[in-house]
Amino acid sequence: MQIAVLVSSRSTCLRRKVGAIIVKDKRILTTGYNGVPRSLVHCEEVGCLRTKMGIPSGKNQELCRGLHAEQNAIIQAALHGISIQNSLLYCTEQPCITCAKMIINAGIIKVFYLKSYPDKLAREILKEARVEEVHYAE
């Protein structure tokens, strides 16, 4: 989890710094942090779209220039042809509904997180899909 926290320091998000790592057989496969897609101007430079629009945390995640840390970690695996089937995800925040759906379809079997996130539906579908969630206590 300390590595996920370190990865979160690379985030360019103005609202929260989130880091994620995907691990299998005690080996780190990929990392991800929240930020804009490659070749886009960072929010640090242009400001936060969500703040400008007055969108509260946990709502309308699609109205954001950035991707979540979990999404970037999964995308990195796909980009580099790395199977993450039956892997573990360590993340500094509990996944949102969008990330939860990606986690399920990517074949991740267990999620460790540090901070809770206000998304009841995400927790419900992870449980239904038998993806174990563990609130990681340092």
Side-chain angles (χ1 to χ4, degrees):
M1 186 60 79
Q2 290 175 350
I3 296 170
V5 171
L6 181 61
V7 169
S8 74
S9 69
R10 300 214 10 100
S11 171
T12 57
C13 180
L14 298 174
R15 284 191 165 190
R16 63 177 75 208
K17 308 287 184 195
V18 181
I21 63 171
I22 298 176
V23 176
K24 186 173 182 180
D25 299 326
K26 299 183 181 181
R27 294 178 186 223
I28 297 171
L29 301 178
T30 65
T31 65
Y33 53 88
N34 57 329
V36 298
R38 67 179 68 207
S39 78
L40 295 187
V41 178
H42 294 287
C43 299
E44 294 172 329
E45 298 173 49
V46 297
C48 176
L49 177 64
R50 293 175 61 77
T51 298
K52 289 176 185 176
M53 297 176 75
I55 300 169
S57 181
K59 304 289 181 193
N60 300 99
Q61 293 129 349
E62 73 280 1
L63 298 176
C64 180
R65 292 174 53 81
L67 292 160
H68 289 186
E70 305 95 318
Q71 294 168 342
N72 275 323
I74 292 168
I75 290 166
Q76 285 302 306
L79 185 65
H80 297 290
I82 300 168
S83 173
I84 55 175
Q85 183 76 33
N86 298 316
S87 63
L88 311 176
L89 174 78
Y90 290 82
C91 193
T92 58
E93 303 247 351
Q94 193 173 21
C96 71
I97 184 64
T98 303
C99 291
K101 291 184 279 188
M102 290 180 69
I103 287 165
I104 293 165
N105 274 359
I108 295 169
I109 59 171
K110 195 170 191 177
V111 175
F112 296 90
Y113 65 91
L114 278 178
K115 298 177 190 169
S116 296
Y117 188 74
D119 196 329
K120 182 181 175 187
L121 183 57
R123 291 188 300 278
E124 289 173 0
I125 70 162
L126 286 170
K127 184 177 180 180
E128 182 181 341
R130 296 185 186 91
V131 174
E132 185 180 353
E133 273 193 300
V134 177
H135 191 172
Y136 188 89
E138 288 188 283

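Just so it is clear, the values below take in all heavy atoms, side chains as well, and ignore hydrogens, waters and symmetry mates.
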request  = Would you list the pairs meeting side-chain hydrogen bond (donor to acceptor under 3.5 Å, both in side chains) in which at least one residue belongs to residues 95-111, sequence neighbours left out?
outcome  =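 Applying side-chain hydrogen bond (donor to acceptor under 3.5 Å, both in side chains) to every pair that reaches into residues 95-111, excluding sequence neighbours, yields nothing.
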Looking at residues at least two apart in the chain, or sitting in another chain, which of them share a side-chain contact (heavy atoms from CB on, under 4.5 Å) with [X]?
{"X": "Lys120", "answer": "Arg123, Glu124"}
{"X": "Ser116", "answer": "Gln94, Tyr113, His135"}
{"X": "Glu45", "answer": "Val41, His42"}

Of the non-hydrogen atoms in [X] and [Y], which two are nearest, and what is the gap between them?
{"X": "Lys24", "Y": "Ser87", "answer": "CB-CB, 4.2 Å"}
{"X": "Ala100", "Y": "Pro95", "answer": "N-CB, 4.2 Å"}
{"X": "Arg50", "Y": "Cys64", "answer": "CD-CB, 3.7 Å"}
{"X": "Tyr117", "Y": "Cys96", "answer": "CE2-CB, 3.6 Å"}

ask   = Is the number of heavy atoms from other residues, nucleotides or ligands under 6.0 Å of Ile3 CD1 greater than 12?
value =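 No, not enclosed.
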query = Is it the case that more than 12 heavy atoms not belonging to Asn60 sit under 6.0 Å from its CG atom?
reply =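 Count over threshold, so yes.
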inquiry  = Pair Leu49, Cys43 - check side chain to side chain contact (heavy atoms under 4.5 Å, CB included), show working.
reply    = CA-CA 8 Å; Leu49 177 64; Cys43 299; over 6 Å; no
Share the residues that join [X] in a hydrophobic cluster, the rule being Ile, Leu, Val, Met, Phe, Trp or Tyr side chains under 4.5 Å apart at the heavy-atom level.
{"X": "Leu121", "value": "Ile22, Leu29, Ile74, Ile82, Ile84, Leu89, Ile97, Met102, Ile103, Ile104, Ile108, Val111, Ile125, Leu126, Val131"}
{"X": "Leu79", "value": "none"}
{"X": "Leu67", "value": "Ile75"}

Just list the side-chain donor-acceptor pairs under 3.5 Å for residues 14-21, sequence neighbours left out, or say none.
unit_1, atom_1, unit_2, atom_2, d
Arg15, NE, Thr51, OG1, 3.3
Arg15, NH1, Ile55, O, 2.8
Arg15, NH2, Ile55, O, 2.7
Arg16, NH1, Glu93, OE1, 2.7
Arg16, NH2, Ser57, OG, 2.4
Lys17, NZ, Ser11, O, 3.1
Lys17, NZ, Cys13, O, 2.9

ask   = How would you list all residue pairs meeting ring-ring contact (aromatic ring centres under 6.0 Å, His included) that involve residues 54-101, not counting sequence neighbours?
value =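 The answer is Tyr90-Phe112.
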Side-chain donor/acceptor of Thr92 to backbone N/O of Val5, under 3.5 Å =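 No; zero donor-acceptor contacts below 3.5 Å.
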inquiry  = Listing request: all salt bridge (Lys or Arg N to Asp or Glu O under 4.0 Å) pairs with a residue in residues 63-78, at least two apart in sequence or in separate chains.
reply    =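 Listed by first then second residue: nothing to list.
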query = Are Leu6 and Leu88 linked, directly or through other ILVMFWY residues, by side chains that come within less than 4.5 angstrom of each other?
reply =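 No; tracing contacts between hydrophobic side chains, which count when under 4.5 Å, never links both residues.
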inquiry  = For the CZ atom of Arg10 and the OH atom of Tyr33, what is their distance to the nearest 0.5 Å?
reply    =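 Rounded to the nearest 0.5 Å, the CZ-OH separation comes to 4.0 Å.
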